[in-house]
Every structure is written in structure tokens, then in C-alpha cells.
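In listed order, ligands and their atoms are each counted from 1. Computation of the quantities below employed the complete heavy-atom set of this structure, encompassing side-chain atoms and omitting hydrogens, waters and symmetry-equivalent molecules.
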Amino acid sequence: MTHQSERLRFAPSPTGMMHLGNIRTAFMNFLFAKQKNGTFVLRIEDTDPARNFDPGAKKIIEDLTWLGVSYDEGPEKGGPFAPYFQSKRNKLYQETLQKLIDKESVYQCFCTNDELDKRRARQIALKKPPRYDRACLKLTEDAIKQKLDAKTPFIWRFKLDHDKKITIKDLSHGEITFDLKNFSDFPLSRGDGSFTFMFANFVDDMLMKMTTVIRGEDHLTNTAGQAALYNALEAPLPSFWHLPILCNIDGKKLSKRDFGFSLRDLKDAGFLPEALLNYLAIIGGGSFKDEVMSIDELTNTLNFDKINATGQVKYDVEKLKWINNKWIDRFEPMTLTERCLPYLKETYPQVTDMNLETLSNILHILKTDFNTLKDSVDAVRFYFEKPTISPELLAKFENKAQLSAIVSELLEKTAYPDEFQTLAKEKAKQHDIKIRDMFSFIRIGLMGSTQGPSINDLLAVLGAQESRNRLEQFIG
Ligand code: GLU
């Protein structure tokens, strides 16, 4: 048996902004293709010109590039199955429709939307499943001819075999069988001659030779109808993986109202593409020894041959922040500096003229304290602006006078600043003061906060003179 190479695709409709759900779909297709040495295709489903907010898919491509999710075939890249925009593939839909006409698998439907709505309402009132009643399947050839002569608008419907059951392979559920008697003869074209999502999406998957289709589980009923189309044309059926829909922390479908739903929010807030992809790949995917993984590590670790069927997958921004923090920690100092720069420039224009090494040293000692790149703005504030000392913070120290005296004594020492921290520790011991209190007190003087980097690190980044000035002013 010759081994067929895997082909997967991401098929977004350019009707809105990229959001977590479709990024997750894109990335799972990408990872699956990468792990199997297959091909990952980008196809733009732009059959609805009125809702096309992203002509040429420029934004989609920009977002995928930012994320680091590259494709092998698609817009701007081309490939053996071009074009990769549905709006340019009408001829192929027309040809495939003709094949179905020749096989008598489709019929023309002249019912108006009004008529359909009324019949639907009646079926619902009678507690029957709302399904097309096949009125137009019963039309005689003469009746059809008359309607066509009168230029009555019509659509093409697919004639489902209601006596049949159809089975698909789903990577997480195993086999799923659909009883076609529960489905309606669905439309393949619209009154204006354009084609429906159901049809164009199927034709493209078939012609582009997709072997595995990974998409949201909201497409499960579409899969049933589309599987029937594959059968009608005797085309090989791909495997599917229907991904559980992402929910918010309350278990409701993730929506625009949830922070982080749109990629734009996450970018602006300083989340890293590495962390975002990492997070989306591991949620709902079982437990991992080390959850912080790069694309390559994920490719080697995820087991697509043994996918657990998960119920709900919850998006938890706190976990995402945790992963982001781990990624920030993982970066080389200069890489971190470059990533933080755009955020820092907005608040501290002076960073433009600053020595990058100095900035990188500052960020390096603070990086465990920030979860997003944007958090770096607050974290470095003490460096650019003299700290304001909050009386509440100081009020916690009962022995302020004693602590100040020690700091003053330490500033006299010639070994300053190299041995400042060690001597501060010794002095604290001598005076029976908790070392933590001693250091917190000094930190307040240097940066206005009790928590933060080590005293040595603070002295190093602030410099001897500036540190001295701050401490002198602090102890008055
Ligand atoms: N354009 C469809 C969507 O964005 C694609 C669904 C699919 O992956 O088949 O939902």
C-alpha cells in the first residue's frame, strides 16, 4: 500500500477578526500536518462578498505570520490546487454541480423563502423536525419547464437518500454514524446562482485532496451532509476531528465579551504568540510533564493517534498568563528586550536613546514579575521615575529608626556597593532584625516596593550614585 501524505487546511471566512477559536483550529491543523510531514493549506472562504471584511485575506495572513503558523499552499504562495480563494473557484463548483446533475443526485427547488418559513413554522408547531418537505422533488418535467420559462428563481438541492446511514471517522470519537433520514435536502446553490458554504467547502476539500479535516464541533451536522456528497461522487472521505467549542470560565460559549477572545486584544495586552499557541495546544489535551512547549516540542509531544474525547474546553486567562510568564522567562535577554520595546516606548520615550544592554539588564532582573509584555511598563517604572514612598508601606516597620541607622552606616562603608547586600545581612543578624525586613526596607528606598529583585541586582541596574542618592533621600 502506498502511503498517502496527509493534507490539512485552515479555511477561515474573512468575515471578522481572528479569535481564539479559529486560531486553535488553524494551529491544530498546522501541528497535525507538521507531525505527519504533511501539507498545510490556507484557503479563504470568501463566498459572501457582502461580509468580506478582509479583501485579499491580508489581515488573516498577517495574523498567521505574527503567530508563526506558516502554510505550504495558499494565497500569495500558490500551489498545485490554486486558486485558494473560493471567490475565484466558481467554475469548479459549477463543474462539480454538473456531475451531480448528471447523476440525478440534485434537484431544482423553486420554493420561496416565505413559503419555506411558513412550512417550517407549521412543522415546529406540530412538533415535527423542521425539514424541507421535498415539494419540488415531486414537480413534473412540464411544471419545471414552465417555471424555468417564467424565469422563476431556483436553487439546487442535494437529494439525500433517507434510507441510508453514513459513517465517518472522527479522531476523538472514533466512528460516528448519521442516519440521513434526520437530515434535510440541503441547498448547494443560492437564488442568485452563487454556491453555499456546504457545497463550496466540500468541493474544495475534495478537489484539494484533504485527508484530515480538523474543525469546530459546530460543523458536525455539516459533516453529515458533506459525507453524503463525497459518497455521491464516489470520492474518498477524509478523516475528521471535531474540536470541542471553547468556553469561558463560566462554561458559556466564548464570545466577544470575554477578554482575549480576539487576537487583537491579546496582542495589545502583550501576550506572546509562542505562549498563545502553546496554551491553545494543551487545553483539553490531557496532562503534560512540562506544559511549556515550543512549536517543535508540541509537534514531538502531542499524540494525534490517541485523542481523548473531551467535553468542554475552558479558556482560562489566568493559565494563559502563567504560560506567558514562563515564556517571558524562557527568552534570551535581548529577545525579551526587543519584544518589550514597543510597549516601553509608549510610556518612556527616552528608551529610544538608551543603551539596549542596560535596558536588557533591567528587564532581566524583573522578568519573573511580569506576565505580559505590557506589564513590563509598570515593572520598570522605578528605574525611570524616582519612587514615591508610600507611608502605608513604611508603617509596617516598627523599627524604622533602627533600620535607617543601619542603612546610613552601610552607606559610609567604603566597600559600597559591592558588599552592601552582604553587610546589610550581617548587620541585620547582629541587631536581631529579620533579614527579610532589612531587605524590604532597603528595597522601598530603592524602588518604592517591598517585593522585587535582589538588592545586589537593584544596585547594579540603578548604578552606585543613583542608589546612594535614593537611599540618602529615603533615610533623610
Ligand atoms: N469557513 C468555515 C468557518 O470559518 C470553515 C469551516 C471548516 O473548517 O470546514 O467556519
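Atom numbering of ligand 1 starts at 1 in the shown order; those under 4.0 Å from a heavy atom of S13 are 1 (N), 2 (C), 3 (C), 4 (O).
Every residue two or more places apart in sequence or in another chain that forms a salt bridge (charged side-chain N to carboxylate O under 4.0 Å, His left out) with D179 is listed here: K181. Checked against salt bridge (charged side-chain N to carboxylate O under 4.0 Å, His left out), E115 has the following partners two or more places apart in sequence or in another chain: R119.
Ligand 1 has at least one atom lying under 4.0 Å from a heavy atom of F197.
Of the candidates E45, R43, R215, it is E45 that places a heavy atom closest to atom 1 (N) of ligand 1.
Judged by distance alone, with hydrogens and angles left aside, the side-chain atoms of Y71 form a donor-acceptor pair with the main-chain N or O of P75 at under 3.5 Å.
For atom 5 (C) of ligand 1, the closest non-hydrogen atom of the protein is A11 O, 3.2 Å. Scanning the protein for heavy atoms near atom 6 (C) of ligand 1, the closest one is H219 NE2, 3.3 Å. Scanning the protein heavy atoms around atom 8 (O) of ligand 1, the nearest turns out to be R9 NH1, 2.7 Å.
With D149 as the fixed residue, the side chain to side chain donor-acceptor pair (under 3.5 Å) test singles out one of K147, K151, K145, Q146: K145.
With a heavy-atom cut-off of 4.0 Å, N201 touches ligand 1 through its side chain alone.
By the 30° and 60° cut-offs, the orientation of the rings of F202 relative to F199 is tilted.
The shortest side-chain heavy-atom distance between Y84 and E76 does not fall under the 4.5 Å cut-off.
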